[in-house]
Amino acid sequence: MKPSIPKGTRDFLPQQVNRRNYIFETIRSVFVKYGYQAIETPVMENLSTLTGKYGEEGDRLLFKVLNNGDFLKKANEEALQERNSTALISSISKRGLRYDLTVPFARYVVMYQNDLSFPFKRYQIQPVWRADRPQKGRYQEFYQCDVDVVGSDSLSYEAELVQIYDEVFGKLNIKTVTRINNRKILAGIAEVAGIPEQMIDMTVAIDKLDKVGIEGVRKELGERGIGEAAVAKIEEILAIKELADLKAALAASETGLLGVEEITQVFAYLEGYEFKNTLQFDITLARGLNYYTGCIFEVNVDTAAHPNVKMGSIGGGGRYADLTSVFGMKNMPGVGVSFGAERVYDVLEELDLFPAEDAAALKVLLIGFDEESHRYAFRCLNQLRAANINADLYPDPVKLKKQMKYANDRNVPYVILIGDNEMASGELSLKNMGNGEQEKLSIAKIIDALK
RNA sequence: GUGAGUAUAGCUCAGUUGGUUAGAGCGCUGGAUUGUGAUUCCAGAGGUCGCCGGUUCAAAUCCGGUUAUUCACCCCA
């Protein structure tokens, strides 16, 4: 059979794993520094935990796990006869693959509320699955790196998360622009434009501003049933750049003013912080997820510094006033952000910013010429490993050329060649694969040299 | 869910208006070189041209269907 993997999934070569670990480690180290703790949740959740949390579109993209056993026996007869998949699902599937890390986290907080101290600061780096059509930079299996704090509505956390973004991308040497907005400001705009019920439609439309331009947004607003007068008002407010001007424009909306105040406070916390990257207020930032209620964030590669990089957002997040109430726990505000590790990988590759392969790789390969020297080499191997040197032995004393080629393919910096002469004298041939130089040294001296 | 492209050797791809035995580069195996890799030279192995059907004297090539995959839209990281 022809080997293959499911669509939207990927295998990783050793070098790719090293590079992905570099990204994860960089992110993790910053999370830990800011006082966040790791948690993990299962790849499968009960389907009831997941359904209805991501909207109609999200339900469609959920991977469902078929029940074990004779699942059709217990299937809903009516739905089965009518070939109604949607109605059938609950009777043949009770589990699904997690779609993101936030909803499982909400469930987790409710289940372990008595064991957690609030504010609870957690990070989580695990894969999630979506049955989306794959395309460039989008997969059906991908990692999310989430960092959230629940149990406090302090705006100092918004400021802290902005700093985490700044620090991580600073360490990765990617120049970024973090944009910040506030859902309350967007609600205020909808109020002032006289369409408070259509705020979601409005935000979905204006979220596309940088992609389709003001013309496209105007069109989409119209298509979503928003009247001309309201569209004109929305456009007028979107043109505002300064918070002070916005305050005046939203004077009629209590919610809108609150949003402006929140943003102002976040900036106040950040006064004096030395940014490595750019932070800017962007009134057009909307973000699709409906559960955000306060500040929202999105990070993009700074196209001024990296003009050739074409990539969507590489991070995003925001505040939610109430995520756990669907699981029966009220008054649990939170705020969190996520890093798009897969996209960060593509950006680092595009910019050639991955560090050189680290010393964790194989340091020396031993080569024996015949059966006897192969056994001798095996004993030398043990000494090297005992001295904590990453060492390996070619498994058979085959033709030297073949063994050398393997060493070359493995990118080993040194090889040790062992034949009759070496065994007689105890002086092994240590060859530097970089410059081809070779010298005879005792195993003790080799260990000193390679340490 | 909607639309477009692609499918030929292990990998990346050529393949003319349809015409004898389908090619290249890389990789692999052996040799030049029986104690030395990455460079060079020589030789060799390796293909049901995604699958099914149709048109034709003749199909990798044209047509229909199907599967896989890529890209874009919707949505999203």
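All chains are named by letter (A, B, ...) in the order of the sequence lines, taking the proteins before the strands, and each is independently numbered beginning at 1. What's counted below: heavy atoms across the whole structure, side chains too, no hydrogens, waters or symmetry copies.
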Using the salt bridge (Lys or Arg N to Asp or Glu O under 4.0 Å) criterion, which residues pair with A/E371? Sequence neighbours excluded.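 Partners of A/E371 by the salt bridge (Lys or Arg N to Asp or Glu O under 4.0 Å) criterion come out as none, since no residue qualifies.
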Donor-acceptor list for residues 443-451 of chain A side chains, cut-off 3.5 Å, not counting sequence neighbours:
none

Can you check whether A/F339 reaches A/Y165 side chain to side chain, under 4.5 Å on heavy atoms?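 A side-chain contact exists here, since the closest heavy-atom pair is under 4.5 Å.
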Note, A/Q37 side chain near A/F120 side chain (heavy atom, < 4.5 Å):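 A/Q37 reaches A/F120 side chain to side chain.
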Are any of A/Q135's side-chain N or O atoms less than 4.0 Å away from OP1 or OP2 of B/rC71?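 No.
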Can you find a donor-acceptor pair, distance only, under 3.5 Å between A/E56 side chain and B/rG1 base?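 In this structure, the two groups form no donor-acceptor pair.
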With a 3.5 Å cut-off and just heavy-atom distances, do the side chain of A/R138 and the base of B/rC75 make a donor-acceptor pair?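 When only heavy-atom distances are counted, A/R138 does reach the base of B/rC75 through a donor-acceptor pair under 3.5 Å.
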Identify whether any heavy atom of A/S313 sits under 4.0 Å from a base atom; if not, whether one sits that close to sugar-phosphate; answer base, sugar-phosphate or nothing.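 Sugar-phosphate contact only.
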Once you apply a heavy-atom cut-off of 4.0 Å, does A/Y139 come out as touching a base, just sugar-phosphate, or nothing?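 Base, at least one base atom sits under 4.0 Å.
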Would you say A/F369 stacks on B/rG35, if stacking means ring centres under 5.5 Å apart and planes within less than 30 degrees?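 Aromatic stack with B/rG35 absent for A/F369.
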For RNA chain B, which residues in residues 436-449 of chain A have a heavy atom at a distance below 4.0 Å?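 Residues of residues 436-449 of chain A under 4.0 Å from RNA chain B: A/G436, A/Q438.
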Between B/rC49 and B/rA9, how far is it from one P atom to the other, in whole Å?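 The answer is 10 Å between these two P atoms.
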Between N or O atoms, less than 3.5 Å apart, protein on one side and nucleotides 25-32 of chain B on the other: list the pairs.
from: B/rC28; atom 1: OP1; to: A/K405; atom 2: NZ; distance (Å): 3.3
from: B/rU29; atom 1: OP1; to: A/K402; atom 2: NZ; distance (Å): 3.1
from: B/rG31; atom 1: OP1; to: A/K399; atom 2: NZ; distance (Å): 3.3
from: B/rG31; atom 1: OP2; to: A/K399; atom 2: NZ; distance (Å): 2.7

Pairing residues for A/F378 by the ring-ring contact (aromatic ring centres under 6.0 Å, His included) criterion, not counting sequence neighbours: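 Result, ring-ring contact (aromatic ring centres under 6.0 Å, His included) vs A/F378: none returned.
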Please list, chain by chain and in numerical order, all residues satisfying ring-ring contact (aromatic ring centres under 6.0 Å, His included) with A/F297, sequence neighbours excluded.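 So A/F297 forms no ring-ring contact (aromatic ring centres under 6.0 Å, His included) with any residue.
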Does A/D148 use its side chain to pair, donor to acceptor, with the backbone of A/Y123 at less than 3.5 Å?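 Checking the backbone N and O of A/Y123 against the side chain of A/D148, no donor-acceptor pair under 3.5 Å is found.
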